[in-house]
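Following: one structure in structure tokens, then a few remarks.
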Amino acid sequence: AGPGDPDPARVTEQGPASSGGWFALDDGWGTWMRDAAARAVRRVGGRRGAPGRSKIGIIGAGGVQFPLRLMGDMLSFRSLRQAEFALMDVDRAHAERTARDARAIAARHLIRGVTITATDDRREALDGADYVFITFMVGGLEVSRHDIEIPRRYGVEQIVGDTMGPGGIFRFLRNARVFAGIAADMRELCPDALMLNYANPMAMSCWYLSALGVRTLGLCHSVQGTSRMLARVAGVPYDEVTFTVGGINHQAWFTTFRRGDEDLYPRLRAELARRTASPDAEERVRTEIMQAFGYFHTESSLHASEYVPWFRKNARLIDRYGGRRWDHDWLAAHARKAQADRWLYRHLMVRLAPSEEYGARILDALEGGTSGLVHANVPNHGLIANLPAASCVEVACHVDRAGARPIAFGDLPKQCAALNRTNIGVHELAVRAVLSGDREHIQQAMALDPLTSAVCTLDEIRAMTDELLRLNEAWLPASLQRTS
């Protein structure tokens with residue numbers, strides 16, 4: 001798969017106004033955005049010589065469901081129907097499956113100008129790319145299950161383990177080794193490319209990629225999904241609502257939710273309180289957080305219960321707020337995804353239309369299609385004034401042919417920013433561990449994790465961290481591997 005990757009590496013699928021000026025950011029992001037139009041003009045000769053003839057690489061294209069969904073989204077836009085798609089996975093047969101399905105969908109809908117190839121050579125996929133999608137999880141279930149099962153023995157019960165806690169930290173450490181190789185390849189083979197990252201943990205991953213100099217938009221569907229859910233709860237058509245949202249991935253706050261001049265929050269608070277009075281209600285965690293902190297945030301209650309200390313620190317609370325276990329739910333969900341992959345293929349053969357995911361819509365806008373607003377994860381640099389400047393934040397971005405322009409949010413409500421900062425400290429230490437090679441930062445990140453620290457002593461956290469490090473040794477970034 002490329003220099004710096006584990007051998008063999010198992011990479012599988014992970015797995016959705018306003019205006020502002022340009023931002024001159026320290027990592028070159030603002031410069032890249034200002035130069036976007038100029039780079040489009042410079043695409044002369046060969047496969048990138050005309051608008052719409054971009055090269056799009058997908059790293060981790062062999063996963064089930066999401067890579068095909070992404071291809072269906074991109075084929076839905078006329079601006080991308082002349083593109084060259086290079087689908088890469090360390091399992092070439094899996095990448096070829098996605099490519100074969102995508103070619104069939106293109107043929108069924110009479111899309112003749114597109115080129116879709118499959119490869120297990122990352123450098124081939126990246127060579128000359130204009131856009132690079134990341135859709136992988138390094139190690140697969142065989143490795144990531146340790147992130148859940150070992151902490152469970154110490155009393156840390158995670159539902160998903162892909163964003164915070166032991167699961168999020170060690171997933172990031174495994175991904176970081178591959179990210180470093182991709183970043184080196186991109187500097188050589190496609191230095192002007194934009195990366196669109198879908199791999200979790202989103203905030204840690206995008207923070208690290210920005211530190212490596214990769215221009216990255218981190219994409220998720222939690223803003224889209226939650227805003228639609230809130231519109232249904234309020235009983236208002238989705239196309240009639242407006243909202244303001246900002247924070248960090250999986251914990252961004254809807255600070256306004258309106259229909260015209262009407263503030264919908266009083267209605268939402270009353271209706272969510274009524275709905276969550278039942279012991280088996282789905283959104284009890286987010287509703288209780290809203291009642292305590294004033295605002296509703298992105299990501300489902302099951303996921304959200306992992307990022308704070310209040311809902312999963314003993315068996316009674318786990319049963320109350322969502323006692324389903326990872327090894328039952330996650331493995332079953334993975335099996336269902338394989339079935340859903342075939343359903344999705346049949347659906348796209350009949351009706352080709354974009355989903356609510358942002359990725360293809362961003363490319364359409366950059367290639368001269370419809371401009372619009374998306375929510376993405378970017379370096380903060382003052383966008384949210386009361387969060388650390390170096391952190392990765394999720395904010396609105398306006399996207400058109402000139403580029404993707406993050407919109408300054410201002411201050412979050414103080415209590416919301418304070419809760420975000422409990423997570424950002426973990427993000428920072430995990431990223432610093434990889435950049436510095438200091439393994440103590442891993443233990444410190446684990447100790448600061450809100451759920452882990454609510455359950456374990458410092459001695460227990462160190463023992464758990466050492467155990468996870470031993471099992472993940474072969475997957476760690478070179479900076480963190482033992483020399484003897």
Side-chain angles (χ1 to χ4, degrees), residues 16-20 159 163 220-308 310-311 317 320-322 355-358 361 372-377 383-387 393-398 407-420 422-423:
S18 305
S19 63
I159 255 309
T163 299
C220 182
H221 49 247
S222 59
V223 171
Q224 303 97 296
T226 301
S227 60
R228 290 179 182 276
M229 185 204 78
L230 291 176
R232 291 193 299 270
V233 170
V236 174
Y238 187 66
D239 59 3
E240 294 181 15
V241 303
T242 60
F243 54 83
T244 306
V245 61
I248 59 176
N249 182 241
H250 290 180
Q251 202 181 70
W253 304 92
F254 287 87
T255 54
T256 66
F257 204 84
R258 311 184 67 86
R259 178 173 61 177
D261 293 332
E262 180 187 4
D263 180 3
L264 293 174
Y265 251 116
R267 188 187 306 189
L268 289 173
R269 291 188 178 101
E271 181 61 18
L272 286 166
R274 184 189 69 79
R275 292 188 181 197
T276 56
S278 168
D280 57 355
E282 290 186 356
E283 287 297 346
R284 296 179 73 192
V285 168
R286 283 200 286 184
T287 299
E288 289 193 19
I289 291 174
M290 178 187 68
Q291 290 166 342
F293 289 83
Y295 300 93
F296 207 79
H297 72 72
T298 56
E299 201 44 69
S300 70
S301 282
L302 286 176
H303 285 247
S305 68
E306 294 183 335
Y307 315 149
V308 292
W310 308 302
F311 304 105
L317 290 173
R320 180 179 177 184
Y321 290 105
S355 70
E356 66 179 14
E357 298 288 348
Y358 285 137
R361 298 176 187 274
L373 199 72
V374 302
H375 292 84
N377 293 270
L383 294 170
I384 299 180
N386 54 348
L387 292 183
V393 296
E394 191 164 71
V395 295
C397 300
H398 188 270
I407 298 167
F409 184 93
D411 282 338
L412 280 169
K414 289 180 174 56
Q415 68 276 19
C416 299
L419 191 55
N420 282 167
T422 67
N423 284 213

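What you see below is based on every heavy atom in this structure, not just the backbone, and it leaves out hydrogens, waters and symmetry mates.
- Take F293 and apply the ring pair (Phe, Tyr, Trp, His ring centres under 6.0 Å) test, not counting sequence neighbours, and it matches W310.
- Put simply, the side chain of Y307 does not reach to within 4.5 Å of the side chain of V285, judged on heavy atoms.
- A search for salt bridge (charged side-chain N to carboxylate O under 4.0 Å, His left out) contacts involving R275 returns E271, not counting sequence neighbours.
- Ring to ring, F254 and F296 are not that close: their centroids are 6.0 angstrom or more apart.
- Between the CZ atom of R259 and the CG atom of D239 there is a distance of 10.5 Å, given to the nearest 0.5 Å.
- Scanning for side-chain contact (heavy atoms from CB on, under 4.5 Å) contacts around P266 gives D263, with sequence neighbours left out.
- Using a 4.5 Å heavy-atom threshold, the side chains of F409 and V393 count as separate.
- Qualifying salt bridge (charged side-chain N to carboxylate O under 4.0 Å, His left out) partners for R361, counting only residues two or more places apart in sequence or in other chains: none.
- The closest side-chain heavy-atom distance from V241 to S227 is not below 4.5 Å.
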Output, in order, the C-alpha distance, side-chain angles, deciding distance and verdict of side chain to side chain contact (heavy atoms under 4.5 Å, CB included) for Y358 and V223.
CA-CA 10 Å; Y358 285 137; V223 171; 4.2 Å; yes
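- The two atoms that bring G247 and N420 nearest to each other are CA-OD1, 3.5 Å, heavy atoms only.
- Taking every heavy atom of both residues into account, L264 and R258 meet most closely at CD1-C, 3.7 Å.
- The distance from the CG atom of N377 to the SG atom of C397 is 9.0 Å, given to the nearest 0.5 Å.
- Residue D261 qualifies as open at atom CG: its count of foreign heavy atoms under 6.0 Å is 12 or below.
- When the salt bridge (charged side-chain N to carboxylate O under 4.0 Å, His left out) test is applied to R267, the partners found at least two apart in sequence or on another chain are E262.
- Judged by distance alone, with hydrogens and angles left aside, the side-chain atoms of E394 form no donor-acceptor pair with the main-chain N or O of A252 at under 3.5 Å.
- No donor-acceptor distance shorter than 3.5 angstrom exists from the side chain of N386 to the backbone of D411, with no hydrogens or angles considered.
- Note on residues 295-304: pairs passing side chain to side chain donor-acceptor pair (under 3.5 Å), not counting sequence neighbours, are H250-E299, E283-S301.
- Using a 4.5 Å cut-off on side-chain heavy atoms (C-beta onward), R286 and T226 make contact.
- Across every non-hydrogen atom of P413 and T255, the tightest pair is CD-CG2, 3.7 Å.
- Y238 and A231 make their closest contact through CD1-CB, 3.9 Å (heavy atoms, listed as atom of the first residue, atom of the second, distance).
- Panel note: side chain S305, backbone F311; no donor-acceptor pair is recorded below 3.5 Å.
- Between atom CG of residue L373 and atom OG1 of residue T242 there is a gap of 11.5 Å, rounded to the nearest 0.5 Å.
- The OG atom of S222 sits 11.5 Å away from atom CE of M229, with the distance rounded to the nearest 0.5 Å.
- When all heavy atoms of A281 and T276 are compared, the closest pair comes out as CB-CA, 3.5 Å.
- Annotation for I384 and G246: closest pair CD1-C, 4.1 Å, computed over non-hydrogen atoms.
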